[in-house]
Amino acid sequence: VQLQASGGGLVQAGGSLRLSCAASGRTFSRYYMGWFRQAPGKEREFIATINWSGGSTNYADSVKGRFTISRDNARNTVYLQMYSLKPEDTAVYYCAADQLYGGSNRHDYAYWGQGTQVTVSS
């Protein structure tokens, strides 16, 4: 599966953004989908994951209550709605796909999008 992330940009603290990740291929609905982010000089970190149907989600503590992951299998797209953004949310955001686990370990994800930059100004 090929992934294309979009929707990043520059936003003021307290603002919101919605990221999208479009997937190619007919088997999108069989994949767990995850969002990760990487700030300069830091390791890529887990943000959120969603199961095949969209009925189960999991979030990192740092974004819980502020970010929402969702998916539309008919459109082969996964979303990350981000509210109450903080300067520390500044990073490149990546979507990823995994057929087996769908957890928080980035090494479990076989397929990655190219990343989209999110910058939150104070």
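- The two atoms that bring Pro87 and Ser122 nearest to each other are CG-CB, 3.8 Å, heavy atoms only.
- The distance from atom CG of Asp89 to atom CD1 of Ile47, rounded to the nearest 0.5 Å, is 7.5 Å.
- A cation-pi arrangement is present between Arg44 and Trp112, with the terminal nitrogen or guanidinium carbon under 6.0 Å from the aromatic centre and inside a 45° cone about the axis.
- With a 4.5 Å cut-off on side-chain heavy atoms, Ser16 and Met82 do not count as touching.
- Between Leu17 and Val11 the shortest heavy-atom distance is CD1-CG1, 4.1 Å.
- Taking the side chain as every heavy atom from C-beta outward, Thr119 and Ser121 never approach each other to under 4.5 Å.
- A pairwise comparison of heavy atoms in Ser62 and Arg37 identifies OG-NH2, 3.7 Å as the closest pair.
- The shortest distance between side-chain heavy atoms of Gln114 and Gln4 falls below 4.5 Å.
- The shortest side-chain heavy-atom distance between Tyr59 and Thr57 falls under the 4.5 Å cut-off.
- In this structure, Tyr93 OH and Leu19 CG are separated by 7.5 Å, a value rounded to the nearest 0.5 Å.
- Scanning for side-chain contact (heavy atoms from CB on, under 4.5 Å) contacts around Asn58 gives Phe46, Thr49, with sequence neighbours left out.
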Q: Give the intermediate values and the outcome of side chain to side chain contact (heavy atoms under 4.5 Å, CB included) for residues Leu80 and Phe67.
A: CA-CA 7 Å; Leu80 185 69; Phe67 291 10; 4.2 Å; yes

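- In this structure Tyr109 satisfies the ring pair (Phe, Tyr, Trp, His ring centres under 6.0 Å) test together with Phe36, sequence neighbours excluded.
- Aromatic pair Tyr94/Trp35: centroids not less than 6.0 angstrom apart.
- For the residue pair Arg75/Asn73, the side-chain donor-acceptor check at 3.5 Å is not satisfied.
- No side-chain donor-acceptor contact under 3.5 Å links Asn51 to the backbone of Tyr32.
- Annotation: side chain of Ile69 is not in contact with side chain of Tyr79 (no heavy-atom distance under 4.5 Å).
- The minimum heavy-atom distance between Ala5 and Thr116, with the atom names listed, is CB-CG2, 4.2 Å.
- Separation of atoms CG (Asp72) and OG (Ser29) is listed at 11.5 Å; rounding is to 0.5 Å.
- Screening residues 54-85 for disulfide (SG to SG under 2.5 Å), with sequence neighbours left out, gives no hits.
- Put simply, the side chain of Val78 reaches to within 4.5 Å of the side chain of Ile50, judged on heavy atoms.
- The two atoms that bring Thr77 and Ser20 nearest to each other are CG2-CB, 4.3 Å, heavy atoms only.
- The distance from the CZ atom of Arg106 to the CD atom of Glu45 is 10.0 Å, given to the nearest 0.5 Å.
- Annotation: side chain of Arg71 is in contact with side chain of Met33 (closest heavy-atom distance under 4.5 Å).
- Residue Ser84 holds its OG atom at 7.0 Å from CZ of Arg66, rounded to the nearest 0.5 Å.
- Here the closest non-hydrogen pair linking Leu3 and Ala23 is CD2-CB, 3.6 Å.
- Salt-bridge annotation for Lys64 and Asp61: present, with a side-chain N of the basic residue lying under 4.0 Å from a carboxylate O of the acidic one.
- We find the CH2-CD distance between Trp52 and Gln99 to be 9.5 Å, quoted to the nearest 0.5 Å.
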